[in-house]
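All values below come from the heavy atoms of this structure, side chains included, with hydrogens, waters and symmetry mates left out.
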Protein chains: 2
Amino acid sequence: MAEPTRPMRRQEIRRENEKTILVAAEKVFAEAGFGGATMQLIADLAGLPKANLHYYFATKEELYRSVVQNIFEIWLQAANCFDAARGPIDGISAYIDAKMEISRRHPDGSKVWASEVMHGAPVLQDYMESTLREWTDGRVEIIRRWIEEAKMDPVDPRHLLYMLWATTQHYADFGHQIETLNGGKPLSDRQWREAKENIKRVILTGIGALPA
Amino acid sequence: MAEPTRPMRRQEIRRENEKTILVAAEKVFAEAGFGGATMQLIADLAGLPKANLHYYFATKEELYRSVVQNIFEIWLQAANCFDAARGPIDGISAYIDAKMEISRRHPDGSKVWASEVMHGAPVLQDYMESTLREWTDGRVEIIRRWIEEAKMDPVDPRHLLYMLWATTQHYADFGHQIETLNGGKPLSDRQWREAKENIKRVILTGIGALPA
DNA sequence: GTCTATAAGACGATAGAC
DNA sequence: GTCTATCGTCTTATAGAC
């Protein structure tokens, strides 16, 4: 046991550097897209020589893949809000809150995800056909049950889910447009709260879960 | 008047070739993003030598700018549906129909627009700060009047507009995801109709314009 | 107005010293 | 594990014959 800390140090160095690179990569991919992003830009933002990126991630595509998979994990976590709920008011409120929090705290990740889907999901196609489809089918079943139990109006569950995804994701993907229309300033705490409340109120009222 | 048609021919050739190039460019920019698109890909799709593209559009950026401006024109046209309306049911229904028709018939344009905004609107920033802002402010006023006249509930007009943009645009930008969740098949006529009806019903009910 | 050939530069990736 | 120097390729853009 002469050098008990050495192997752990190495692991930690790797873990930390990978994290630094992934954070920088997410930002650059979000701002420039996959094609517009360069390893040099990512390296500069991470404060590392370009060759080090290739030491940790063999290719640009492998780095991009890691960024996208990270985001998918976060997305799935938020998706769980739906499960514990007893009805649409609980479930949909919690889901909107969670997704809006992602749009606010993780706008770069949201943009990379949007870009990936817009370009035909070259990396995520497998996940979309397995994990995402299963999750969606499960949530469609839950919504159907809510409708049967007369907890909400008979709204098509899939189009309702698309509406939830669209409205919440919009605040990240089109954040620049919203900021411009807000006089060039980011939304304040109060405005984010209002956004959430408006979405929840319109949708929950619209599906007949809240009294009009 | 020896050759009266010659100058007109030239104009027509130019107009037609520019159109061909713009159509191809929109598709390639939508599929690959600005950075991922190459003049070679666009030339191949247009069926022209690469050098011809540079004859009609000096640089890749100028070509991209033309594509984006075309889309903005279409977007503005749909926006007019709001004006002739006597109330939220007319106005918002017509606007949703128009925007959904754009998402369906012009998905590539929608994606280029989304990509442009996501990357900070490098080309459209001026338009967003002038034309888009004016349009938005005008529509906010209309919605405010509807609220005063008790034609709908007091919903924040801006967040309502964002909701309309988000839900309709989603069917173009995330069309690949929707298609995947639809068993790999594009939405049918009937499904598009259902999508429109769902959105209209949920939003119009949600803002208190339709009875719950 | 069309097209081939090519210049000039940027990019992803790697070799190899430390 | 870090970093400099560089290779080979791809891309934008242009020159110049037709």
Side-chain angles (χ1 to χ4, degrees), chain A residues 3-29 31-68 112 115 119 122-123, chain B residues 3-68 115 119 122-123:
Chain A
E3 293 162 337
T5 58
R6 184 81 71 73
M8 190 156 161
R9 280 267 165 77
R10 289 233 176 123
Q11 273 186 33
E12 270 179 42
I13 287 174
R14 171 165 279 273
R15 212 177 38 79
E16 263 183 39
N17 280 338
E18 282 181 356
K19 182 68 187 168
T20 304
I21 293 167
L22 283 169
V23 168
E26 182 179 279
K27 191 173 174 63
V28 173
F29 282 132
E31 286 176 357
F34 179 81
T38 68
M39 296 298 266
Q40 189 64 63
L41 272 172
I42 297 169
D44 290 348
L45 187 61
L48 292 169
K50 192 178 62 155
N52 285 31
L53 266 63
H54 283 99
Y55 176 74
Y56 288 103
F57 299 92
T59 67
K60 181 183 176 184
E61 200 173 320
E62 185 185 319
L63 175 53
Y64 173 75
R65 187 182 302 270
S66 295
V67 170
V68 170
V112 175
S115 194
H119 298 138
V123 162
Chain B
E3 294 163 335
T5 58
R6 184 82 70 76
M8 191 159 162
R9 280 269 165 77
R10 290 234 176 122
Q11 272 185 34
E12 270 179 43
I13 287 175
R14 171 165 280 275
R15 212 177 39 80
E16 263 183 40
N17 280 339
E18 281 181 355
K19 183 69 187 166
T20 304
I21 293 167
L22 284 169
V23 168
E26 181 178 279
K27 192 173 172 62
V28 173
F29 282 132
E31 285 176 357
F34 178 81
T38 68
M39 296 297 268
Q40 189 63 64
L41 272 173
I42 297 169
D44 290 349
L45 187 60
L48 292 169
K50 192 178 62 155
N52 286 30
L53 266 61
H54 283 100
Y55 176 73
Y56 288 102
F57 300 91
T59 66
K60 180 183 176 185
E61 200 173 319
E62 185 185 319
L63 175 53
Y64 174 74
R65 187 182 304 269
S66 295
V67 170
V68 170
S115 195
H119 298 138
V123 162

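For the pair A/Leu48 CG and D/dT4 C1', the computed distance is 15 Å after rounding to whole Å. We find that CD of B/Gln40 is positioned 13 Å from C1' of C/dA5, with the value rounded to whole Å. Note: CG (A/Asn52) to P (D/dT2) measures 5 Å, nearest angstrom. Rounded to a whole Å, the CG atom of A/Leu53 is 13 Å from the C1' atom of D/dC3. One can place OH of B/Tyr55 at 17 Å from C1' of C/dT4, the figure rounded to the nearest angstrom. Residue A/Leu63 contributes atom CG, which lies 16 Å from atom P of C/dC11 at whole-angstrom precision. B/Met39 has its CE atom 21 Å from the P atom of C/dT6, to the nearest Å. Atom CD1 in B/Ile42 sits about 12 Å away from atom P in D/dT11, given to the nearest Å.
Both B/Tyr56 and A/Gly36 sit near DNA chain C, but only B/Tyr56 has its closest nucleotide nearer the 5' end.
Nearest nucleotide to the A/Thr59 side chain, out of C/dG12, C/dG1, C/dA13: C/dA13. Counting only heavy atoms from C-beta on, A/Ile13 has its side chain closest to D/dG1 among D/dG1, C/dC3, D/dT11. Closest to the side chain of A/Ala51, out of D/dT2, D/dT12, D/dT4, is D/dT4. Of the listed nucleotides (D/dT12, D/dT2, C/dC11), C/dC11 has the atom at the smallest distance from the side chain of A/Thr38. If you check C/dA15, C/dG1, D/dA13 against the side chain of B/Lys50, the one that comes closest is D/dA13.
No engagement by A/Ala43 is indicated, since no non-hydrogen atom pair under 4.0 Å with the nucleic acid exists.
Ring planes of B/Phe29 and B/Phe34: parallel class, angle under 30° (limits at 30 and 60°).
When each of A/Glu18, A/Gln11, A/Glu12 is paired with A/Arg14, the side chain to side chain donor-acceptor pair (under 3.5 Å) condition holds for A/Glu18 and for no other.
To the nearest 0.5 Å, atoms OG1 (B/Thr20) and CD1 (B/Ile42) are separated by 13.0 Å. Atom-to-atom distance recorded for B/Tyr56:OH and B/Ile21:CD1 is 6.5 Å, nearest 0.5 angstrom. The distance from the CD atom of A/Glu26 to the CG atom of A/Leu45 is 11.0 Å, given to the nearest 0.5 Å.
For D/dT14, neither phosphate oxygen OP1 nor OP2 lies less than 4.0 angstrom from any side-chain nitrogen or oxygen of B/His54.
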